[in-house]
Amino acid sequence: MKIATWNVNSVRQRTDLVCDWLRAQQPDLLLLQEIKCEEPSFPGAAFAALGYQSVVVGQKSYNGVAVLSREPVEVMHRFLPALPPTPDGAPHQARYLEVRWRGVLFGNLYLPNGNSGGEAGYAAKLAWMEALLHRARELLAADEDFVMAGDYNVCPTDADFAPGTLSGADALMRPETRRLFQALRWAGMTDAVRALRPREKIYSFWDYQAGCWPRDMGLRIDHAMLSPRMAERLEEALPDRMERDKPQPSDHVPVMVTFSS
DNA sequence: ATGTCTCTACTATAGAGA
């Protein structure tokens, strides 16, 4: 079982790159974030030509998540179920899609960045993380097999960013952010990449600005968190960093995770 | 080094978000 998560920063701008990557890697599931379009303009036909069907939770301009799969998946949730309704009753931003495939739940998530909108924007990020933690605890209590993967916009430790990329005030590494991420681990989940590579320098994102990629000034903010039995099945987990070297790349690279059977 | 990319909007540049 081979899955991947990838923030593509506009699926319409990156359709050819995603197709090339699907052809080369042949994952069973690909979880996409920041597709930045609504379902009618999602390039599903290009993926269908490669044998992948799509489930899309779209939004105009920003956000948006989708799951590509070679086999049908069962859609469980199109938004994070524990997230409180918006004050004005507006629909939630398109940041979560949960599907079941071969008995495993896959939560595809795009967590709010939290650096815009001042303290209210940061509070919204924390509320989103609380809801994610609630969902994880619920699934753990139900003894489900599951994977929560995507762009967490969380830099878990000081080993997960290159010097000079983040300030201590950045929402990606503020103490409350890290505390809530670690709470997923204390609840019983496993950070797939770090479980296999506790000390390596590993990044999944390099900003477009300031020559971050050629200077390898990256961050590790795309994660796959595993329930206990999925952690036992874990075989490999690593960002495909060379994808960042392609022409017109996303600022994030795919993180691939493989499981036994 | 306030350095890039993507989106939208009173179609062409500027603002927002990352």
Side-chain angles (χ1 to χ4, degrees), chain A residues 5-21 31-44 46 56-66 86 90-97 108-129 132 149-156 160-174 176-178 180-181 203-223 239 241-255:
Chain A
T5 172
W6 193 3
N7 178 323
V8 286
N9 184 22
S10 172
V11 72
R12 289 177 293 177
Q13 294 296 323
R14 235 63 72 188
T15 304
D16 289 347
L17 274 184
V18 173
C19 285
D20 289 347
W21 195 84
L31 315 182
L32 298 174
Q33 302 91 39
E34 272 204 279
I35 62 172
K36 293 188 171 179
C37 65
E38 294 175 300
E39 184 156 11
S41 50
F42 184 84
V56 179
V57 173
Q59 183 181 332
K60 195 174 183 176
S61 308
Y62 303 112
N63 311 318
V65 290
T86 53
H92 286 300
Q93 294 181 327
R95 293 181 176 274
Y96 189 80
L97 169 58
N108 176 14
L109 63 104
Y110 175 47
L111 219 146
N113 177 296
N115 278 311
S116 63
E119 283 307 302
Y122 185 58
K125 174 181 191 153
L126 297 181
W128 211 97
M129 294 187 77
L132 183 67
D151 178 358
Y152 277 72
N153 271 311
V154 174
C155 204
D160 296 310
F161 67 93
T165 51
L166 288 183
S167 85
D170 197 290
L172 276 59
M173 64 167 279
R174 280 172 68 168
E176 301 90 330
T177 303
R178 285 182 164 174
L180 279 163
F181 183 84
Y203 305 133
S204 64
F205 164 93
W206 294 260
D207 199 290
Y208 290 120
Q209 296 191 69
C212 280
W213 167 244
R215 295 195 286 159
D216 197 22
M217 292 182 64
L219 314 173
R220 194 177 73 91
I221 54 176
D222 300 272
H223 310 296
R241 89 191 302 271
M242 289 332 288
E243 196 63 27
R244 188 63 177 77
D245 218 30
K246 299 258 173 81
Q248 277 112 51
S250 170
D251 40 5
H252 298 249
V253 298
V255 178

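Computed from a predicted structure; not experimentally measured. Convention: sequence-line order gives letters A, B, ...; per-chain numbering from 1.
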Rounding to an integer number of angstrom, what distance separates [N] and [M] when you compare their [atom1] atoms?
N: B:dG3; M: B:dA9; atom1: P; answer: 26 Å
N: B:dA1; M: B:dA14; atom1: P; answer: 25 Å
N: B:dC10; M: B:dT4; atom1: P; answer: 27 Å
N: B:dA12; M: B:dC7; atom1: C1'; answer: 14 Å
N: B:dC5; M: B:dT11; atom1: P; answer: 25 Å

With the sugar-phosphate defined as primed atoms, P, OP1 and OP2, and the base as all remaining atoms, what B/S/- string results for nucleotides 7-18 of chain B, 5' to 3', for protein heavy atoms under 4.0 Å? SSS--------B

Which residue lies toward the 5' end of DNA chain B, A:Arg14 or A:Arg215, if each is placed at its nearest nucleotide?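 Final value for this comparison: A:Arg215.
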
Listed by chain and number, what are the ring pair (Phe, Tyr, Trp, His ring centres under 6.0 Å) partners of A:Phe181, not counting sequence neighbours?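 A:Phe181 satisfies ring pair (Phe, Tyr, Trp, His ring centres under 6.0 Å) with A:Tyr152, A:His223 only.
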
Of all residues at least two apart in sequence or in a different chain, which pass the ring pair (Phe, Tyr, Trp, His ring centres under 6.0 Å) check with A:Phe42?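 Partners of A:Phe42 under the ring pair (Phe, Tyr, Trp, His ring centres under 6.0 Å) test: A:Phe47.
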
Which residues satisfy the side-chain contact (heavy atoms from CB on, under 4.5 Å) test with [X], sequence neighbours excluded?
X: A:Ala46; value: A:Thr15, A:Cys19
X: A:Asn63; value: A:Gln59, A:Gln93, A:Arg95, A:Tyr110
X: A:Asp216; value: A:Lys201, A:Tyr203, A:Trp206, A:Arg241

